[in-house]
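Atoms considered below: every heavy atom in the structure, side chains included; atoms not considered: hydrogens, waters and symmetry mates. Computed from a predicted structure; not experimentally measured. This chain uses plain numbering: 1 for the first residue, then up along the sequence.
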Amino acid sequence: MRKDNSDFSTAFVSEAGSYIDNRDYFAFMETDDMACYVLADGLDSDQELRSAEMVVKTVLENFMEKPSMSKRRLMRDLREAQEWLQFESRRVRLKASLLMVVTNYNKMVYVSCGNVRLYHFRNGRLNFRSKDHSLAQSLADDGRIPDEATSTHEERGNLLEYLGNPNGVHAHYAKKTQLADGDVILLATSGMWEDVELAEMLGALEEAKDPVMLTDTLEEVLLSKQHRTVNNYTAAAIYVNKVFQEKPKNRRKLIKRILIALLAFVIVGGGVWITLARMAANKAAALETMVESAQAADDYARAGDYAKALKSYSEAKNAAVKINDKIHKRLYTAEQKLSQLLVDGDGYVEKADFTKAEASYEKARKSAGLYPPFNVKDIEHKIDQLDSYAETASWMKDGDLKFQGGDYTNALKLYKKANKAAMESGYTSAQKELEKKITEANDKLTAIQQQLKEIQAGKLQAKGDRMMKDLDYEGAIDAYSGAQEIYQEIDKLESVLALERSIAKAEEKQSAEQQKNGQLPAGLGLSDGALNDTDAGDAASNASASVAATPAAESQTKATPTASAGTTPAKKEVSSAAKNSGTGDGNASSAKAGTSKEQGTADSASKAEGASDSENQDRAAANGS
């Protein structure tokens with residue numbers, strides 16, 4: 001209950017003066033903890049509405065809802081009063097000067113707007129006075145006129161701020177003032193302070209013992225001057241007989257709070273310094289990154305590696321943003337966009353979309369001259385190459401159509417033609433694709449050729465089978481040998497071995513037929529069992545050795561490879577090598593007489609066979625049979 005433990009007394013006079021209506025208005029409200037005193041001076045000429053009364057009531061209503069000395073709250077009350085005046089300004093624009101004093105019976109604050117004045121007296125002297133929002137006050141603040149002259153200067157009524165101002169409320173909020181016992185607060189409108197000088201106020205204050213006497217004395221002084229015209233005047237006096245005494249603060253507690261506050265300040269201050277140091281370090285690192293990235297980007301751009309330049313320019317731009325370097329940010333952003341255009345153009349070339357590629361390159365060419373790292377001639381060269389690229393792509397596309405149609409030969413020709421053009425024009429992305437296509441076409445052609453050879457070999461093998469049925473063993477052997485040779489060329493070893501058995505069978509049949517027909521004496525040939533334990537080389541050597549021995553041995557030698565051909569793979573190889581006149585070389589397989597030793601044996605066997613034939617012919621001629 002602050003009010004009960006303090007003593008504030010208030011009195012006021014407010015008259016219309018020489019006018020019919022009094023457009024001043026004063027009211028106050030004292031609550032248990034706070035008091036509010038509001039004085040307003042209407043400045044408009046509206047005959048029905050009283051702007052001063054409106055604003056005072058608005059302010060007091062708001063104060064009653066929530067008493068407060070805060071600046072935010074008091075200024076909000078003034079803005080509501082301002083809005084109310086503007087809302088009611090239908091015939092004329094309503095306006096008023098206002099002074100509001102709020103106290104908690106220990107301290108006071110005031111808000112002023114216009115030229116309603118507050119005088120604070122202490123110990124019979126003026127402690128301070130509020131300032132008007134007038135041109136005269138402005139001149140005094142600039143030192144162009146004395147402060148005392150503001151009450152009589154001709155511009156004292158020329159207000160710069162007031163409630164109802166269409167430009168808004170710009171009031172003055174004074175800081176809290178500590179009150180003391182015996183203080184006197186005087187609120188006065190212009191009708192009072194214009195005609196009652198400060199000295200006269202102090203004289204009245206000296207004589208008055210309470211606010212009623214003071215206001216009456218001021219009125220008497222005003223009226224005693226007997227001016228022809230007396231304006232509306234109001235004077236409200238507040239006598240602070242006793243100020244509410246605050247509870248003495250615990251000194252130790254106060255010191256403790258101060259120390260805590262200092263410690264918090266040190267901690268926060270230290271944290272601030274650490275934060276600032278980190279910010280400075282981060283900024284330095286970002287600056288270094290920006291410089292290094294920009295240098296790398298320029299080097300990449302000069303080398304024509306625009307993809308890497310794009311990445312580096314992006315990093316440099318981000319670093320510029322971190323250090324808030326707007327100039328370099330714009331520069332690197334522009335260079336990043338230029339790099340992006342060139343990268344996009346290259347991407348369109350890879351996709352064979354040369355129209356979009358040309359559009360991107362043209363945009364890059366127009367702005368490249370502004371940025372030295374970018375070579376305009378290089379960009380123009382890219383544009384010039386697009387026609388060659390398009391022609392290469394066209395050939396490659398035609399090759400694809402041939403390939404899809406199974407015309408691998410012509411597809412291969414077109415691919416090679418396009419690849420040559422790509423190499424000459426530097427169309428590297430197409431080269432890789434064309435090399436792959438050429439390989440695929442070659443594989444297709446190789447597969448087809450192999451299939452043709454297989455067909456050819458198959459025909460010869462079928463021919464051999466037919467001749468075997470017709471008992472034409474010699475022809476069958478030739479057909480089988482031809483098929484075998486083809487299979488050897490295409491590395492179909494299973495077929496080679498299969499034909500080897502067919503050849504051996506044919507030779508066996510042929511030998512049997514010859515024996516049956518008496519072409520070979522019975523019993524001259526070696527039995528299969530005799531040759532099973534000997535290899536072809538040994539048989540050939542024995543045959544060669546037998547040539548010089550006896551005719552019987554010669555016949556035996558001739559019969560040896562034929563009889564032994566179907567017994568072991570080595571003997572088959574010897575037979576095949578002999579009949580193919582050396583065509584069955586070591587490429588056939590390891591099953592054949594692939595070694596030099598075996599080849600030499602086969603040759604020896606062939607020679608032995610030839611010698612044996614010659615001996616038989618000679619013997620037949622000698623017998624004359």
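- Contact of the Glu15 side chain with the Glu219 side chain is registered, since non-hydrogen atoms from C-beta on lie closer than 4.5 Å.
- Annotation: Tyr389, atom OH; neighbour count of heavy atoms from other residues, nucleotides and ligands within 6.0 Å is above 12.
- The side chain to side chain contact (heavy atoms under 4.5 Å, CB included) with Ser112 is formed by just one residue from the set Arg117, His133, Met100, Glu161; it is His133.
- Within a 6.0 Å sphere centred on CG of Asp4, other residues, nucleotides and ligands contribute more than 12 heavy atoms.
- In this structure, Lys432 has no salt bridge (Lys or Arg N to Asp or Glu O under 4.0 Å) partners at least two apart in sequence or on a different chain.
- Remark: Lys382 engages Asp346 in a salt bridge, criterion side-chain N to carboxylate O under 4.0 Å.
- In this pair, Tyr37 and Phe26 present their aromatic rings parallel. The plane angle is below 30°, not in the 30 to 60° band.
- Ring orientation note: the planes of His328 and Tyr332 are tilted relative to one another, at an angle of 30° to 60°.
- We find that Lys95 and Asp44 are not joined by a salt bridge, their nearest charged nitrogen and carboxylate oxygen being 4.0 Å or further apart.
- Taking the six-membered ring for Trp and thresholds of 30 and 60 degrees, Phe128 and His120 have nearly parallel ring planes, at less than 30 degrees apart.
- A distance of 6.0 Å or more separates the ring centres of Phe8 and Tyr239.
- Results of the side chain to side chain contact (heavy atoms under 4.5 Å, CB included) test with Tyr25 over Met54, Arg50, Lys57 single out Lys57 as the only residue that passes.
- For Lys131 and Asp147, the salt-bridge test fails: no basic side-chain N is under 4.0 Å from an acidic carboxylate O.
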